[in-house]
Amino acid sequence: MLLNPNASDLLPLRRWPPTRYAELARRLLASYPQIFIGFTGGPNEAATVNRLAQDVVSDRVIPLAGKTTLRQLLVLCSQSEILVTNDSGPAHFASMTRCHVITLFGPETPALFSTKAPNATVLWAGIACSPCVNAYNNRQSRCRNNLCMQAITVDRVFNEVSRVLNSRLRTTANRPEQSISYRADKYSLVRVPPVREGQQVAC
């Protein structure tokens, strides 16, 4: 499972409170002992995101921010069951893979900016002042307190992740094992030799 806590510096209002990602991770790890969680982000987000991952205090959490190329991020998504993310680029990239994308919306409308892929879910509080960012105001807002994102509770996100994950785990139990051309090595991704025909590989 992947968590993407950032939303780029272009529109920080889109960020769900970072501590809620850590709380979500703790609850998921406690409820699903078989899962691992990777925290993703770009190089300029690495210090903040990886510190957040460390705050979860679990050897099943992998801080990956700043440690993957875009291609490697797509590989990660293709091998992950779920990505939880703010409204940002990874939501659209991941929707091209088998990963189920759960995107948290606030200052922008999901009607225009959410991915339309069938493997995507939007969580949006829809409070009266949202959306406040659009093409008509040049994506500028006077808001400095994103109540629209704060209104999305950890309970709501956890319940949606659990619904999707439980369904996917039932499906995965009947799916053949897959091969992967990358592996995690000390919190980075390294290429491994291609799998030979007939070779058994477990993910």
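All values below were derived from every heavy atom in this structure, side-chain atoms included, with hydrogens, water molecules and symmetry-related copies excluded. In this chain, residues are counted from 1 in sequence order.
Panel note: side chain Ser95, backbone His92; a donor-acceptor pair is recorded below 3.5 Å. Under a 3.5 Å cut-off, the side chain of Arg71 and the backbone N or O of Thr68 do not form any donor-acceptor pair. Panel note: side chain Thr97, backbone Cys99; a donor-acceptor pair is recorded below 3.5 Å. Within the 3.5 Å criterion, the main-chain N or O of Leu104 finds no donor-acceptor partner in the side chain of Asn86. A donor-acceptor pair under 3.5 Å is absent between the side-chain atoms of Glu160 and the main chain of Val157, judged by distance alone. Side-chain atoms of Asn4 never come within 3.5 Å of backbone atoms of Thr85 as a donor-acceptor pair (strictly under, hydrogens ignored). At distances below 3.5 Å, not a single donor-acceptor pair connects side-chain atoms of Arg168 with backbone N or O atoms of Arg163. Arg14 places a side-chain N or O within donor-acceptor distance of the main-chain N or O of Asp87, the cut-off being under 3.5 Å.
How far CZ of Arg26 is from CD1 of Ile37: 10.5 Å, rounded to the nearest 0.5 Å. Ser58 contributes atom OG, which lies 11.5 Å from atom CG of Leu28 (distance to the nearest 0.5 angstrom). We find the CG-CG distance between Leu76 and Leu83 to be 10.5 Å, quoted to the nearest 0.5 Å. Residue Ile82 holds its CD1 atom at 11.0 Å from CG of Asn119, rounded to the nearest 0.5 Å. For the atom pair CH2 of Trp16 and CG of Leu123, the computed distance is 9.0 Å after rounding to the nearest 0.5 Å.
Using a 4.5 Å cut-off on side-chain heavy atoms (C-beta onward), Leu24 and Arg20 make no contact. Looking at Asn50 and Lys67, their side chains come closer than 4.5 Å, going by heavy atoms from C-beta outward. Taking 4.5 Å as the limit, some side-chain heavy atom of Met149 sits within range of a side-chain heavy atom of Pro107. Here the side chains of Cys77 and Leu2 are in contact, with some heavy-atom distance below 4.5 Å. Side-chain atoms of Tyr32 and Ser162, non-hydrogen and from C-beta on, do get closer than 4.5 Å to each other.
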Which is it for Trp124 and Thr103 under the side-chain hydrogen bond (donor to acceptor under 3.5 Å, both in side chains) test, yes or no, and what are the steps along the way? CA-CA 9 Å; Trp124 183 49; Thr103 310; over 6 Å; no
Given Phe93 and Leu70, is the side-chain contact (heavy atoms from CB on, under 4.5 Å) satisfied, shown in steps? CA-CA 9 Å; Phe93 302 148; Leu70 176 56; 3.7 Å; yes
Does the pair Gln72 and Leu64 meet the rule for a side-chain contact (heavy atoms from CB on, under 4.5 Å), with working shown? CA-CA 11 Å; Gln72 290 170 333; Leu64 290 169; over 6 Å; no
Decide side-chain contact (heavy atoms from CB on, under 4.5 Å) for Leu165 and His100; before the verdict, give the C-alpha distance in whole Å, the side-chain angles of both, and the deciding distance to 0.1 Å. CA-CA 9 Å; Leu165 186 56; His100 190 100; over 6 Å; no
Report the C-alpha separation of Glu81 and Arg98 in whole Å, then their side-chain angles, then the decisive distance to 0.1 Å, and conclude whether the side-chain contact (heavy atoms from CB on, under 4.5 Å) test is met. CA-CA 8 Å; Glu81 296 299 331; Arg98 59 170 294 277; 3.1 Å; yes
Apply the test side-chain hydrogen bond (donor to acceptor under 3.5 Å, both in side chains) to residues Tyr21 and Asn6: give CA-CA distance (whole Å), side-chain angles for both, the deciding distance (0.1 Å), then the verdict. CA-CA 10 Å; Tyr21 276 99; Asn6 225 315; over 6 Å; no
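No path of Ile, Leu, Val, Met, Phe, Trp and Tyr side chains, each step under 4.5 Å between heavy atoms, connects Val57 with Leu29, placing them in separate hydrophobic clusters. When the side chains of ILVMFWY residues are joined at heavy-atom separations under 4.5 Å, either directly or via intervening members, Leu147 and Ile152 end up in two distinct hydrophobic clusters. Cluster membership check: Ile127 does not share its hydrophobic cluster with Val154, using side-chain heavy-atom separations under 4.5 Å among Ile, Leu, Val, Met, Phe, Trp and Tyr.
Taking every heavy atom of both residues into account, Phe158 and Ser31 meet most closely at CZ-OG, 3.4 Å. Across all their heavy atoms, Leu52 and Ala22 have their closest contact at CD1-CB, 4.0 Å. For the residue pair Thr40 and Pro5, the shortest heavy atom distance occurs at O-CD, 3.5 Å. The heavy-atom pair separating Ala125 from Cys148 by the smallest distance is CB-O, 3.7 Å.
Between Arg27 and Asp155, at least one side-chain N (NZ, or NE/NH1/NH2) sits under 4.0 Å from a carboxylate O, which counts as a salt bridge.
Side-chain atoms of Gln150 and Asn145 form a donor-acceptor pair, as typed in the model, at a separation below 3.5 Å.
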